[in-house]
Amino acid sequence: MSKSIPNKVYLSEDELPRQYYNIMADMPNKPQPYLHPMTKKPAGPADLEPLFAKALIEQEMSAERYIDIPKEVRDIYAKFRPSPLVRAYGLEKALDTPAKIYYKYEGNNPSGSHKLNSAVPQAFYNKIEGIKRLSTETGAGQWGSALSIACALFGMECTVYMVRVSYDQKPYRKTLMQTYGANVVASPSNLTNAGRAILAKDPNSLGSLGIAISEAVEDAAMRDDTHYALGSVLNHVILHQSIIGLEAKKQFEKIDEYPDIIVGCNGGGSNFSGCAFPFMHETLTKGTKTEYVAVEPAACPKLTKGKFMYDYGDTAKMAPITMMYTLGHDFVPAGIHAGGLRYHGDSALLSQLYHDGFVKAAAVQQTDVFKAAVQFARSEIILPAPESSHAIAYVIQKALECKETGEAKTIFFNLSGHGNFDLAAYEEFLAGKLEDFEYTDEMLEQGLSTVPAIG
Ligand SMILES: *Cc1c(COP(=O)(O)O)cnc(C)c1O
């Protein structure tokens, strides 16, 4: 008999990790270099300096395995971390599965998601380099909220370009950001060339992350006192998010368990990678057999349907060109309710590891996602974010497979955030009005038709 395992595994503040983990050190094939969007030549640190703090650029390019977390950042982390590792006894019972299901809960801060883990160090490094203002985009609103909070803590200004469809669907997200002092602008806006160009073509554009990124990058590029901050995709963001997996490893150690399967939803790759990469260190260095699964919306299937190629990170072609899985930088996904998963591309690190076969991917439909979300809420209490519920839908599938085969696998997933601001989406689901969207071959062909030919 296995010994009894508590509902929650906590760490003390003293056990908060003091260093981030950088998977670049252990990858058999490093990601291809970023290319400058104009010259299409490899982008060096100097190309990134108009947009990012030097310390963050160093992290972006670093191959050091462990990187110190500054004391000032750890002190702020201690206000909302370490986050608990929870055994999903309620969900296991509801599914009548022999599988053991665990999740790390990252919704325990006012941004409602893991995004604050990177917003804090990003604001910190910009602050100490003399930057007064940060510009950014937000899709679902979680990243904008996180950066607003981080800027408030360090006494910085913050301007957030919020994708129009979310701006309209989630008005309280806007109020939350304003409460922390941010200036929130619906994107596309008439404040930037990128925004004006889109509005001239389509005054009713719902916007997209790609467009909002273009606006925020342009804003930062035009002002000396302003840098840009990105909430996902980049190596330094994924580095910061490794705090999730590093904590989880210690928590699993405490209960003498180890996951067989690690699952996360995938937008730009940060929560999945942050959770999975510290475990993948064991796979890459010792051959530990663990399955890693990134789950994406069927309406925005970059890993399962996209192509591994160089593409722009944004619609206006101002961000670096990245070797990644992409649906094309002009792709505007259907207005599904998982706003944080509507990005056309993916992290270079995650893309390379997926390409090399270390990561699996799965796509799930929106109605299955909300079915899973409601089942989770009713058995585990927490109302999950629609994004996180993609992971839950997959975990439920796996747990039901275990029921068929009688295998007691240990499944671990990242519950990246709560859905307390997503009640309009829940309302639609409960009223039976939520639709599934098919992503077609024509959409892929169309999307990839504008991708730059490189190499
Ligand atoms: C932003 C967000 C995501 C998607 O972004 P990743 O970088 O892929 O993690 C997922 N879940 C929540 C709750 C988010 O806020």
Side-chain angles (χ1 to χ4, degrees), residues 83 103-119 122 136-149 160 162-163 166 170 173 176-177 209 212-213 229-245 262-277 292-297 300-303 313 324-325 333 336-351 353-354 359 361 363-364 369 373 376 382-394 413-422 425:
S83 68
Y103 60 91
K104 188 84 167 142
Y105 181 47
E106 291 295 315
N108 232 339
N109 71 77
S111 82
S113 84
H114 65 291
K115 300 276 192 336
L116 195 55
N117 299 333
S118 183
Q122 288 195 50
T136 196
E137 71 292 328
T138 199
Q142 287 95 316
W143 169 244
S145 306
L147 197 69
S148 304
I149 295 168
V160 181
M162 185 173 191
V163 178
S166 300
K170 299 169 128 189
R173 272 277 170 207
L176 183 73
M177 291 185 259
L209 264 185
I213 292 173
L230 189 62
S232 183
V233 181
L234 296 177
N235 303 346
H236 67 264
V237 180
I238 285 172
L239 176 81
H240 303 152
Q241 294 297 352
S242 69
I243 188 103
I244 303 172
I262 299 179
V263 182
C265 64
N266 175 34
S270 78
N271 91 86
F272 168 77
S273 304
C275 180
F277 285 0
Y292 306 93
V293 189
V295 188
E296 58 192 16
C300 190
K302 55 281 198 84
L303 291 181
M324 62 182 174
Y325 280 85
I336 55 164
H337 282 286
L341 305 185
R342 296 171 79 242
Y343 184 58
H344 69 274
D346 218 320
S347 139
L349 296 168
L350 175 55
S351 291
L353 288 161
Y354 177 65
V359 176
V364 287
V369 165
F376 186 84
I382 296 167
L383 184 78
E387 289 88 351
S388 322
S389 303
H390 286 67
I392 298 173
Y394 183 83
F413 75 97
N414 192 40
L415 183 56
S416 52
H418 70 60
N420 296 0
F421 286 102
D422 299 281

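Indexing begins at 1, ligand by ligand and atom by atom, following the structure's order.
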- Task: Begin with the C-alpha distance, continue with both residues' side-chain angles, and end with the deciding distance and a verdict on side-chain contact (heavy atoms from CB on, under 4.5 Å) for Tyr354 and Asp346.
- Result: CA-CA 11 Å; Tyr354 177 65; Asp346 218 320; over 6 Å; no
- Close side-chain approach of Leu230 and Glu137, heavy atoms under 4.5 Å: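 A side-chain contact exists here, since the closest heavy-atom pair is under 4.5 Å.
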- Side chains of Met324 and Lys302: closer than 4.5 Å at any heavy-atom pair?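 SC-SC contact between Met324 and Lys302 ruled out.
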Would you mind running through ligand 1 and noting each atom that sits below 4.0 Å from a heavy atom of [X]?
X      : value
Asn266 : 8 (O)
Glu387 : 10 (C), 11 (N), 12 (C)
Ser113 : 13 (C), 15 (O)
Cys265 : 10 (C), 11 (N)
Gly417 : 13 (C)

[X] N/O to ligand 1 N/O under 3.5 Å:
X      : value
Phe272 : no
Leu341 : no
His114 : yes
Asn271 : yes
Val233 : no

- Item | Ala140 near ligand 1 by a heavy-atom separation under 4.0 Å |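 Contact check Ala140 vs ligand 1: negative.
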- Where the side chain of Gln142 meets the backbone of Lys115, is there a donor-acceptor pair that is under 3.5 Å apart?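 No, because the side chain of Gln142 does not come within donor-acceptor range (under 3.5 Å) of the backbone of Lys115.
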- Task: Without swapping roles, check the side chain of Ser118 against the backbone of Gly231 for a donor-acceptor pair under 3.5 Å.
- Result: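 Not a single qualifying donor-acceptor pair exists.
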- Query: When you look for heavy atoms under 4.0 Å from ligand 1, do you find them on the side chain of Glu106, its backbone, both, or neither?
  - Reply: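 For Glu106, there is no contact with ligand 1 at all, from either part.
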- Query: For ligand 1, which part of Ser416 has a heavy atom less than 4.0 Å away: the side chain, the backbone, both, or neither?
  - Reply: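 The answer is both.
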- Task: Would you tell me whether Ser388 and Ser416 have side-chain atoms, one donor and one acceptor, within less than 3.5 Å of each other?
- Result: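 A pair is found: one side chain offers a donor N or O, the other an acceptor, under 3.5 Å apart.
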- Task: Give the intermediate values and the outcome of side-chain contact (heavy atoms from CB on, under 4.5 Å) for residues Phe272 and Asn414.
- Result: CA-CA 7 Å; Phe272 168 77; Asn414 192 40; over 6 Å; no
- Item | Value rounded to 0.5 Å, distance of CG in Asn109 from OG in Ser83 |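 These two atoms lie 9.5 Å from each other.
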Considering heavy atoms of the protein only, find what lies nearest to [atom] and give residue, atom and distance to 0.1 Å.
atom                   : value
atom 4 (C) of ligand 1 : Gly340 O, 3.3 Å
atom 2 (C) of ligand 1 : Lys115 NZ, 2.3 Å
atom 7 (O) of ligand 1 : Ser232 OG, 2.4 Å
atom 8 (O) of ligand 1 : Gly267 N, 2.6 Å

- Go through the steps to decide whether Thr138 and Met177 satisfy the test side-chain contact (heavy atoms from CB on, under 4.5 Å), and finish with yes or no. CA-CA 11 Å; Thr138 199; Met177 291 185 259; 4.1 Å; yes
- Item | Candidate with minimal heavy-atom separation from atom 6 (P) of ligand 1, of Ala338, Ser270, Gly141, Gly107 |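 Of the listed residues, Ser270 has the closest heavy atom.
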- Message: Apply side-chain contact (heavy atoms from CB on, under 4.5 Å) to residues Tyr103 and Ile382 and explain how you reach the verdict.
- Response: CA-CA 12 Å; Tyr103 60 91; Ile382 296 167; 3.8 Å; yes
- Message: side-chain hydrogen bond (donor to acceptor under 3.5 Å, both in side chains) for Asn271 and Glu387? Distances and angles first, verdict last.
- Response: CA-CA 10 Å; Asn271 91 86; Glu387 289 88 351; over 6 Å; no
